[in-house]
Each structure stands twice: as structure tokens, then as C-alpha cells.
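What follows is a single structure, written as C-alpha cells, with notes after it.
Protein chains get the first letters and strands the later ones, always in sequence-line order, with residue 1 at the start of each.
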Protein chains: 2
Amino acid sequence: MDNPNRTYTVGEFAALSKSSVRTLHYYDDIGLLRAQRDASSGHRVYRSQDIFKLQQIISLKFLGYRLEEIEELMARSTVGTSLTEGLRRQQEAIEAKQRQLEQVHTAIGRTVQLIEQQGELDRDVLFSLIHTMQSEEEQRQWLQERTSPELVDRLFNQSAEEKAEADREFIEFTREVRRLKGNPVDHPEVQALVAGLMDKTMARVGEENMASVSTLSETDLDSIQFMTSSPFTAEEEAWMNEAMAYLMTQQLGEENLKP
Amino acid sequence: MDNPNRTYTVGEFAALSKSSVRTLHYYDDIGLLRAQRDASSGHRVYRSQDIFKLQQIISLKFLGYRLEEIEELMARSTVGTSLTEGLRRQQEAIEAKQRQLEQVHTAIGRTVQLIEQQGELDRDVLFSLIHTMQSEEEQRQWLQERTSPELVDRLFNQSAEEKAEADREFIEFTREVRRLKGNPVDHPEVQALVAGLMDKTMARVGEENMASVSTLSETDLDSIQFMTSSPFTAEEEAWMNEAMAYLMTQQLGEENLKP
DNA sequence: CATAACGCCTCACGTAACTGGAGGTGCAAG
DNA sequence: CTTGCACCTCCAGTTACGTGAGGCGTTATG
């Protein structure tokens with residue numbers, strides 16, 4: 001057994017504690033773990049009891065404390081309820097980080113899956129999707145404040161497969177837009193495209209929720225534009241709006257013919 | 001609708017993107033998002049198309065990329081399999097972080113629970129426990145290489161309750177040591193204490209695993225000392241060892257009397 | 001015995017992604 | 001005329017070290 005009075009050099013001490021010489025120098029400099037000095041050589045000398053102190057430092061670092069806080073904590077002799085409070089705050093911070101990491105993790109998962117299925121992707125489309133995933137929480141919050149909980153539930157509480165399906169459909173849609181862009185808005189394929197979009201949107205929102213959507217104001221619709229970044233150019237958007245308008249007039253016309 | 005050619009000042013742009021003016025200055029400085037300048041005032045001028053670029057930057061930051069990497073990624077026009085590979089690496093890094101956070105989370109949870117149940121705790125004891133939790137993975141690895149998988153399983157694959165129980169027992173044990181310290185090693189309560197310790201240890205290890213424990217070498221036992229930091233002083237350790245030795249001789253004596 | 005190789009020392013700069021402050025300009029309102 | 005606002009630039013500080021230069025004293029080797 002080692003005798004408890006033996007001393008260590010920085011190198012030995014670093015190896016023991018699995019930290020680095022530089023780290024020990026640093027702790028010495030900032031006064032977190034002061035070493036004694038060999039009078040003649042000026043070398044740092046650590047005593048075996050310093051091991052415990054260093055272990056405490058490492059433990060507290062492990063718990064997420066910064067060195068300054070650690071110094072303060074170690075100066076206090078009692079370790080009780082005051083620490084619990086700090087620990088609980090640490091706990092909450094960790095949970096927040098975990099939630100964020102989880103979000104990023106699934107976002108990357110969805111992105112990778114998309115690229116694998118679809119091959120090379122247009123960068124605008126990809127970034128638009130990533131941006132949507134990233135701000136999903138924000139959008140949910142926003143809708144929660146303005147529409148019915150049922151709609152929010154329906155739109156966001158989807159399974160991973162449903163979300164993947166929505167991603168695919170979106171990609172498909174952008175490809176069709178790129179393919180048909182330039183055609184007149186009354187071109188049958190263009191009309192089919194926008195009709196399909198409206199159907200899908202209706203299906204996604206659900207008929208029973210259309211009422212709460214229609215309560216959204218003009219300014220609301222404007223600000224939704226900023227949140228959901230679109231991969232389309234201004235001309236593409238204008239063209240699509242025209243096609244939509246044409247579709248609406250056609251449908252209205254048919255209805256007027258029926259009775 | 002905003003016309004697509006309107007321009008923004010830094011302040012407006014910061015508000016739009018929910019970043020700060022300083023951040024935009026910074027991105028301009030490092031060339032990540034260069035702004036044009038108003039010739040007369042020298043003020044930064046952002047165009048609406050810069051919004052997309054900034055959104056992409058924010059998205060990539062969200063995915064965990066560093067600004068330097070982002071600049072490089074955005075310079076490339078194709079976004080395909082090269083990105084997937086990077087994303088997968090990101091994914092793994094995130095998973096590693098998640099595992100680490102999970103470990104810290106449960107460690108703090110156990111600590112808080114202990115302080116709540118036991119009130120004020122001796123700092124040495126507390127740090128000893130935290131240190132043990134922190135290096136649990138390391139210890140598991142160490143034992144895995146040297147003993148049987150069954151033993152490792154038994155020692156580490158415990159439920160949260162079992163671990164909490166072990167923590168409590170350990171605290172209880174340190175309290176008893178403090179209380180009885182100074183008594184002669186053949187004092188009945190001291191003997192009961194060490195006998196209890198041995199019983200608990202045997203129960204924890206399991207009779208069928210004693211064989212693989214005994215294969216550990218002397219040096220192995222030394223290095224285990226460094227990993228499991230003890231909250232006891234050198235004298236306390238010596239005293240406990242003596243008491244253990246006394247217990248062993250007694251038991252050997254009894255066995256010799258039996259037959 | 002000279003030299004090389006260690007291990008230690010100090011000093012000082014680099015890191016990532018900002019944040020904050022000091023000091024200055026131009027413009028509009030009170 | 002002053003106040004306030006929004007902008008500008010330049011400088012410094014943040015965290016917890018990593019890295020490298022240049023130097024000293026001790027030990028191993030040719």
C-alpha cells in the first residue's frame with residue numbers, strides 16, 4: 001500500500017487523475033488546487049490528500065459546474081439543502097438539453113432518410129424541410145394560441161411514418177412544380193397539381209377543423225410565411241397562386257351550373 | 001405582401017431572424033453572411049434574399065455544425081450523399097452526448113434523493129458516492145476485462161431502487177464507522193459491523209461468482225483503490241482492516257472447533 | 001565527457017461563438 | 001439645444017484548457 005504521505009510530481013498526478021499536466025498547472029494558476037513547491041527546483045509537489053480534492057473537483061465538473069462555482073462550493077463546509085437546490089437546477093438544465101438533442105436527433109434522422117430515398121436533393125428544398133423541422137415546436141405553440149387544440153393535435157401528433165410520408169409528398173410536390181413551371185395556369189396537369197395540393201391539405205387539416213383555420217386573420221397568415229420558409233422563388237409562388245385562383249373560379253362555376 | 005426587393009437594417013434583420021445585432025455584425029466580419037453597405041452612412045443593408053441564407057445558417061447550426069463548416073457547406077451547390085455522411089457522424093455525436101447526459105442526470109437524481117432522505121451529508125461521503133456514480137462505466141469496463149460477465153451483470157444491471165438501496169446502505173455504513181471508530185476491534189458492535197459488511201458484500205457478489213473475484217491479482221486490487229474513492233481516513237481504513245482480520249481469525253477458529 | 005533525452009518550469013498565443021462596453025456619427029423629436 | 005435612438009468601429013473578455021517556444025536541471029548513453 002502506498003503510504004499516505006508520499007508526494008507526487010505534476011506528471012504522476014496527472015496520470016493518476018487522468019487529467020493533463022496543463023490542467024493541473026491551470027488549476028494551480030487560478031487557485032482551485034494549489035500545489036506546494038520544491039524550494040530548490042521550483043517544481044510543483046502534490047500530496048496524497050490532494051487526490052481527494054482533485055477527485056471532488058472532477059466530480060463536480062462531471063455534474064456540470066463551472067470551475068468558479070466549484071471553488072465556491074468547496075470553500076463551504078456543509079453540503080446540504082443549498083446544494084440540492086443547485087442540483088435541481090442542474091437537473092432541469094440537463095433535461096432541457098436532452099429535449100433539444102432529441103429534437104435535433106429526429107430531425108437529422110428524417111433528413112438522412114429523405115436523402116437516402118430521394119437521392120440528390122435540391123438544397124432549397126432540403127433547407128426548407130430542415131427549417132420546418134427545426135421550428136416545429138414554435139409553430140405548434142403559435143397555432144395552439146390561435147386555433148383549436150384538436151387541429152394542433154392532428155397536425156403535430158403524427159407518427160414518424162406519417163411525418164416521413166408528409167416529407168416525401170412535399171418533395172414530390174416541389175418536383176412537380178419545377179417540372180410544370182412555365183405552363184399556363186389552366187394547363188390540365190397544373191390544375192391537377194394544385195387540386196391535389198388542396199385535397200391533401202384538406203385531408204391533413206380535417207373538415208371539422210376548417211372552421212378554426214378560417215378564424216386566422218390576414219396578419220396571422222403573413223407571419224406564418226416567415227415561419228415556414230418556402231423553397232420556391234417569388235415567380236413560382238405567384239404562378240401557383242394564379243393556378244389556385246383559376247381552380248377556385250372553375251369550381252365555383254361548376255357549382256353554379258349544378259342546380 | 002412584402003415586395004421581394006425591400007431591404008432591411010441590421011436591427012430589423014435581427015428581429016426577423018431572432019438573432020442579435022451583434023451576431024449579424026459577427027457573421028459579417030467573418031464573412032459568413034456579408035451585408036451590403038449604404039454608401040453614405042456606412043450602415044449595413046440586408047436584402048430579402050439574405051433571409052434565406054440566414055435561415056440556412058441557423059438550420060445548419062441547429063444540426064450542430066460549426067460556423068466554419070457551415071460556410072464550407074454553403075459554398076457547395078450540391079447537397080447529397082456527402083452531406084449524409086456528415087449527418088450520420090453528427091447523429092453519432094449526438095447519441096454519445098445523450099448517453100453522457102443521461103448518466104449525469106441519473107447521478108444527480110440519486111444524489112438529490114440521498115440528500116432528501118438523509119438530510120445533511122458529510123461532504124466526503126457525498127463526493128465518494130458521486131465519484132462512484134461518475135466512474136461506474138469505467139469500473140464496469142474494468143471488471144468486464146478481468147472477471148466473468150455474470151458478475152458484471154449482477155453488480156451493475158441493478159434497478160434504480162436497488163441502487164438507491166445500496167447508496168443508503170453505504171451511508172448507513174459510514175455513519176456506523178464514525179460512531180464506533182475508536183473502539184477496540186474485538187468490540188461486539190464493531191465485529192457486528194464488519195460481519196454485516198461482509199455478508200452484504202457476499203450477497204451482492206453472489207456465491208457463484210466468488211471464484212472469479214479471487215482470480216484478481218494484488219495489483220488489480222491496488223488499482224481498484226484508485227477508482228473507488230473512499231470517504232474514510234487512513235486510520236479508519238486501517239482500523240477496519242484490523243477488525244476484518246480479527247473477524248476472519250474468529251471464524252477460522254470456530255470452523256476448526258466444529259468437526 | 002559531451003550530448004541527448006526527460007520532465008519540469010514560465011510565458012504567451014489560439015480556440016468558438018459570440019457578448020459587452022467605450023466612444024463616435026447622423027438624424028428626428030421635444 | 002439637447003436628448004434619444006440606431007447605427008458604426010474597435011477593443012476586451014468569456015471557458016477550460018491545448019500547443020508551442022525557450023530554458024533549466026538531472027539522468028542515460030555513445
**Derivation and outcome, salt bridge (charged side-chain N to carboxylate O under 4.0 Å, His left out), residues B:Glu12 and B:Arg6** = CA-CA 12 Å; B:Glu12 292 167 339; B:Arg6 75 161 282 200; 3.8 Å; yes
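Among residues at least two apart or in separate chains, there is no salt bridge (charged side-chain N to carboxylate O under 4.0 Å, His left out) pair with a member in residues 92-104 of chain B.
At a non-hydrogen distance threshold of 4.0 Å, B:Arg37, B:Gly42, B:His43, B:Arg44 from residues 26-46 of chain B come into contact with DNA chain D. Near DNA chain C, defined here as any heavy-atom distance below 4.0 Å, the residues from residues 57-70 of chain B are B:Lys61, B:Arg66, B:Leu67, listed numerically.
Put simply, NE2 on B:His25 is 7 Å from C1' on D:dC8, counting in whole angstrom units.
Remark: B:Gln56 pairs with A:Arg123 by the side-chain hydrogen bond (donor to acceptor under 3.5 Å, both in side chains) rule, at least two apart or across chains.
At a threshold of 4.0 Å, the pair B:Glu162-B:Arg204 does not count as salt-bridged, since none of the basic side-chain nitrogens sits closer than that to a carboxylate oxygen. The pair A:Glu71-A:Arg66 fails the salt-bridge criterion, with no side-chain N (NZ, NE, NH1 or NH2) lying under 4.0 Å from an Asp/Glu carboxylate O. Under a 4.0 Å N-O distance rule, the pair B:Lys53/B:Asp50 does not qualify as a salt bridge. Using a cutoff of 4.0 Å between basic side-chain nitrogens and carboxylate oxygens, A:Arg37 and A:Asp28 are scored as salt-bridged.
Annotation: the terminal axes of the helix from C:dC1-D:dG30 to C:dG30-D:dC1 meet at 30°, where each axis is the rotation carrying the C1' atoms of four end pairs onto the next four (5 pairs per end, rounded to 10°).
Applying the 4.0 Å criterion to OP1 and OP2 of D:dA6, one finds that B:Thr9 has every side-chain N and O outside that range.
Close approach of DNA chain C to chain B, defined as any atom under 4.0 Å from a non-hydrogen atom of the protein, starts and stops at C:dA16 to C:dG20.
A side-chain donor from one of A:Gln117 and A:Arg168 sits under 3.5 Å from a side-chain acceptor of the other.
When the shell of 6.0 Å around CD of B:Glu72 is examined, it contains 12 or fewer heavy atoms from other residues, nucleotides or ligands. B:Glu68 CD: 12 or fewer foreign heavy atoms inside a 6.0 Å radius.
Both tests do not hold together for B:Arg140 against B:Trp142: distance to the six-membered ring centre under 6.0 Å, angle to the ring axis within 45°.
Proximity of a side-chain donor or acceptor of A:Gln90 to a complementary backbone N or O of A:Leu63 within less than 3.5 Å is detected.
The aromatic rings of B:Phe13 and B:Tyr8 lie tilted to each other, with the angle between the two planes from 30° to 60°.
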